[in-house]
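Data block below; observations after.
Hydrogens, waters and symmetry mates play no part in the numbers below; they use all other heavy atoms, side chains included.
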Amino acid sequence: MGDVVDILRRVGGTATFADLRRVTSARSIRLALADRRIRRLAKGFYALPEQPSPVAVAHAYGGVLSHESAALYWGFQVVARPAVPHVTLGRKRRLRATDLRCQPHWASVPVLDDATTPLRTVIDCARALPFGEALAIADSALRSGKVEPSELLSAAYALGGSGRQRVIRVAELADFRSESALESMLRSRVIEAGFDDFVPQLVIEDDEFHARVDLASAARRIALEAEGFEFHHTRSALRRDCKRHVNLAMRGWQSLRYSWEDVILDETWVGLSLGEVVRGRACRHNPLERAA
């Protein structure tokens, strides 16, 4: 008979009562529970006392990870991590009594999987999330190679029911060239503002200069950059960036730079500012104040 804690560690931290009974006694399980060396997540389902993983939460409820939680499981980038795991249960399955928190969904899912498939995950997110957040997950899925553009489009067109047009829109606009969730969100803001000619990771070069920008329109000669907190981590990086933007200006490009807050927290700034530039107006006033 093995020690209950050692057994749980060897099997990944969670196990059912029936699985534990194959290698240890019921008394050992009860004693470990009484000593708080293990915890009961749900009836007949046990785990180590550390915070259970999202997969353990899904198992405790008898479901699988889905939506943003499944996206994280597959390694896709998300704009915002869910506060609690998203768990999808079979249509006729009742929610188990447990002290763990989750965001439940009901649908037809494979019984034995830890998470919805990569393709199903993208589809579910496209149905449920705002356009930009769904596009970020779809872009990341294509970038990872775990979902192919053709299969995503085919699955979207084959859908029925509510949310079909939302899914088709995400599938048609998803692009593996976007390199981060922040870039995908920037692109979504540009699309929602009515501009459809901005290309991810456009290369701008001549005999003396080479640059790749996050999002750009060659016809308009406008480049957009999405900059996170860590962008200028050294003085030399700041200098290279300054020279890069000056070189773009010397070649007739207008470069607009947006922070994480500009892109994620402000729904209107990207579209308003880009519209001002496209219309050729000097930004001597704040378009947000005028719009208000």
Side-chain angles (χ1 to χ4, degrees), residues 9 11-14 47-48 50-61 63-89 100-105 107 109-156 159 163 166-167 169-188 200-201 212 214-215 226-231 233 260 263-264:
R9 283 178 179 151
V11 299
T14 60
L48 293 170
E50 294 88 0
Q51 186 67 24
S53 68
V55 170
V57 174
H59 287 176
Y61 278 100
V64 297
L65 291 178
S66 64
H67 298 79
E68 300 103 296
S69 298
L72 291 168
Y73 175 89
W74 292 115
F76 304 156
Q77 291 190 9
V78 301
V79 173
R81 298 178 72 91
V84 297
H86 285 265
V87 176
T88 291
L89 307 154
L100 300 174
R101 295 175 59 225
C102 80
Q103 176 61 57
H105 308 267
V109 292
V111 176
L112 299 178
D113 289 346
D114 289 335
T116 50
T117 65
L119 178 59
R120 169 68 178 274
T121 297
V122 174
I123 295 294
D124 285 346
C125 290
R127 279 190 191 272
L129 294 177
F131 171 64
E133 295 182 35
L135 186 66
I137 291 171
D139 285 352
S140 183
L142 297 186
R143 191 163 61 247
S144 74
K146 292 173 181 171
V147 176
E148 294 295 330
S150 58
E151 68 173 338
L152 178 56
L153 282 168
S154 296
L159 281 178
R166 293 162 60 92
V167 177
R169 185 187 188 204
V170 169
E172 289 180 340
L173 294 170
D175 195 318
F176 70 91
R177 291 174 294 181
S178 289
E179 292 192 340
S180 70
L182 182 59
E183 289 183 22
S184 296
M185 276 296 295
L186 175 61
R187 190 161 62 88
S188 77
Q201 296 299 314
R212 188 174 61 168
D214 293 341
L215 196 64
E227 299 187 355
F229 298 120
E230 73 289 347
F231 190 74
H233 55 281
W260 184 91
V263 176
I264 304 296

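- Not a single donor-acceptor pair under 3.5 Å links the side chain of Glu133 to the backbone N or O of Pro130.
- At a threshold of 4.5 Å between non-hydrogen side-chain atoms, the residues Leu142 and Ser178 do not count as touching.
- The distance from atom CG of Leu215 to atom OG of Ser184, rounded to the nearest 0.5 Å, is 10.0 Å.
- Of all heavy-atom pairs between Gly63 and Val87, the closest is CA-CG1, 4.0 Å.
- Heavy-atom neighbours of Phe176 CZ from other residues, nucleotides or ligands within 6.0 Å: at or below the threshold of 12.
- Using a 4.5 Å cut-off on side-chain heavy atoms (C-beta onward), Glu68 and Leu129 make contact.
- A distance-only check finds a donor-acceptor pair linking the side chain of Ser154 to the backbone of Ser150 [under 3.5 Å].
- The shortest heavy-atom contact between Leu65 and Ala58 is N-CB, 3.8 Å.
- In this structure, Arg177 and Arg187 have side chains that are not in contact, with every pair of non-hydrogen atoms separated by 4.5 Å or more.
- Side-chain atoms of Leu182 and Ile264, non-hydrogen and from C-beta on, do get closer than 4.5 Å to each other.
- Between Arg120 and Asp124, at least one side-chain N (NZ, or NE/NH1/NH2) sits under 4.0 Å from a carboxylate O, which counts as a salt bridge.
- Under the 4.5 Å side-chain criterion, counting only non-hydrogen atoms from C-beta, Gln77 is in contact with Arg143.
- Scanning all heavy atoms of the two residues, the minimum distance from Thr121 to Ala71 falls at CG2-N, 3.5 Å.
- Counting heavy atoms from C-beta outward, Leu153 and Glu172 have side chains that approach closer than 4.5 Å.
- Nearest heavy-atom pair, Phe131 versus Arg169, reported as atom, atom and distance to 0.1 Å: CG-NH1, 3.6 Å.
- Side-chain contact between Asp139 and Leu173: absent, with no pair of heavy atoms (C-beta onward) separated by less than 4.5 Å.
- Rounding to the nearest 0.5 Å gives a distance of 10.5 Å between CG of Asp175 and CD of Glu183.
- In this structure, CG in Asp114 is found 13.0 Å from OG in Ser69, a value given to the nearest 0.5 Å.
- With a 4.5 Å cut-off on side-chain heavy atoms, Pro118 and Phe76 count as touching.
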Q. How far apart are the C-alpha atoms of Thr116 and His67, what are their side-chain angles, what is the distance that settles it, and do they pass the side chain to side chain contact (heavy atoms under 4.5 Å, CB included) test?
A. CA-CA 8 Å; Thr116 50; His67 298 79; over 6 Å; no
